[in-house]
Participant: 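Once you've had a glance at the structure underneath, I'll fire off some questions.
We name chains A, B, ... by the order of the sequence lines, and we start the count at 1 in each one.
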2 protein chains.
Amino acid sequence: MKKRQDTKHIILQSATRLFQRQGYNGTGLNQIIEESGAPKGSIYYHFPNGKEEIALEAISVMRKLLLEGAEKDLSGRNSAVEAFEFYVNNIATVFDSGDCVEGLSIGLIASETASTHEKLRHACEMVFKDWQSLYANILEQYGFEKARAVELGITITAMIEGACLLSITYQNGNALRMVAKQLLVLLKK
Amino acid sequence: MKKRQDTKHIILQSATRLFQRQGYNGTGLNQIIEESGAPKGSIYYHFPNGKEEIALEAISVMRKLLLEGAEKDLSGRNSAVEAFEFYVNNIATVFDSGDCVEGLSIGLIASETASTHEKLRHACEMVFKDWQSLYANILEQYGFEKARAVELGITITAMIEGACLLSITYQNGNALRMVAKQLLVLLKK
DNA sequence: GTCTATACGTAGATAGAC
DNA sequence: GTCTATCTACGTATAGAC
């Protein structure tokens, strides 16, 4: 059917946005329904396993979007430094608007579920690993040796996640811009 | 009275632990009472403003503990690199035990409350700023010029918070150890 | 596929006895 | 200072008509 995919899709859209902003525990099923305008009775039709299943699919949506964005921003530059500087400064601008930031990371949902929902924890772990690999691959393309690229992949993932946390808390993107600046030192060859 | 302080204290102890592990939304008042063994009726006597007030005081407890620990680990070393390496590797060991990590940061509660509880958001912001200042001061003591020390203070705060997030998710402290290693590069003079 | 109604638990919070 | 009882709201989830 056509309607089937449409409704499921808009539920997932709203859920993704709400989970990113308010976290897993902070978001209710009722709120997702309300926000999306989807028919209330349809949630357990599309997601028989309830909230956890929605979160699992939402993480998968985030993963896809965030990785695509990263790949686009990071490719076709003249150097690793230039690529990551552009990429991180780009993220920074999102946090400047002040209110109602749609988190650009899965950091919140990851830390919430790490010790309570094994499935969700694992899904988040996979996303972080994807990022690390992507960053490492990009660095290899720019001439870093493999072992060093892997190390930097982990480090850059941590730096960006940490800076996103500071940026959300401070309500501006300055921490991310600072990280972008320090990458000049870290990526010096 | 004496009892007054005792009960309030044990409530705060449990609340601090639970908020760090499960977050603000993930922790119920009932659970705090249960965990602490405190008399159930006494919560609104000691904390008339309810859950938010408990969280506010819990953040203050975390702030004190974490800053004290950081100051101790970072002082009396031979160089900035040595100090931060010891400090970060020390944090890393806490995440190796696998299950039931008592978060060592306020990252979870900070990201949960950033867009929903202004008072709590602000309290977390102050803690992060304290960290930045502490790190910057330490770096100045080791001979970094002030402006550079401030930049690095922000960056190191982000790196550690991000690595804590990865460590919680991965259930081991390797990300933190990796960050410690990269500080060798970043703190080179 | 969608709707209404509702079950059932637990959340935070309050009142008033002790 | 502490206890019990209770209120109201909301959480997830289900049942069954349409």
Participant: What is the separation between atom CD1 on A:I10 and atom C1' on C:dG1, rounded to the nearest whole Å?
Facilitator: 13 Å
Participant: Is it true that A:D73 and A:N90 share a donor-acceptor pair across their side chains at a distance under 3.5 Å?
Facilitator: yes
Participant: Roughly, in whole Å, what's the span from NZ in B:K8 to P in D:dG1?
Facilitator: 11 Å
Participant: Are A:T7 and C:dT2 close enough that a side-chain N or O sits under 4.0 Å from OP1 or OP2?
Facilitator: yes
Participant: If you take all heavy atoms of A:L108 and A:F19, which pair is closest and at what distance?
Facilitator: CD2-O, 4.3 Å
Participant: In whole Å, what is the span from the NE2 atom of B:H46 to the P atom of C:dA13?
Facilitator: 17 Å
Participant: In whole Å, what is the span from the CG atom of A:N25 to the P atom of C:dA11?
Facilitator: 12 Å
Participant: Looking at B:K64 and B:D130, does any basic side-chain N land under 4.0 Å from a carboxylate oxygen?
Facilitator: no
Participant: Using a strict cut-off of less than 4.0 Å between a Lys/Arg side-chain nitrogen and an Asp/Glu carboxylate oxygen, indicate whether A:E145 and A:R148 qualify as a salt bridge.
Facilitator: no
Participant: Could you tell me the separation between the CD1 atom of B:I33 and the P atom of D:dT2, rounded to a whole number of Å?
Facilitator: 10 Å
Participant: Round to the nearest Å and state the distance from A:F47 atom CZ to C:dG1 atom P.
Facilitator: 13 Å
Participant: Would you call A:E68 and A:K72 a salt bridge, taking side-chain N to carboxylate O under 4.0 Å as the test?
Facilitator: no
Participant: Determine, for nucleotides 11-18 of chain D in 5'-to-3' order, which nucleotides have protein heavy atoms under 4.0 Å from the base (write B), from only the sugar-phosphate (write S), or from neither (write -).
Facilitator: SBBB----
Participant: For C:dG1 and A:Y45 - does any side-chain N or O of the residue sit under 4.0 Å from the phosphate oxygens OP1/OP2?
Facilitator: yes
Participant: Which whole-number value in Å describes the distance from B:I43 CD1 to C:dA15 P?
Facilitator: 17 Å
Participant: In this structure, how many angstroms lie between the C1' atom of D:dC10 and the CD1 atom of A:I32, rounded?
Facilitator: 14 Å
Participant: Can you check side chain to side chain contact (heavy atoms under 4.5 Å, CB included) on A:Y135 and A:T155, steps first, answer last?
Facilitator: CA-CA 10 Å; A:Y135 297 157; A:T155 307; over 6 Å; no
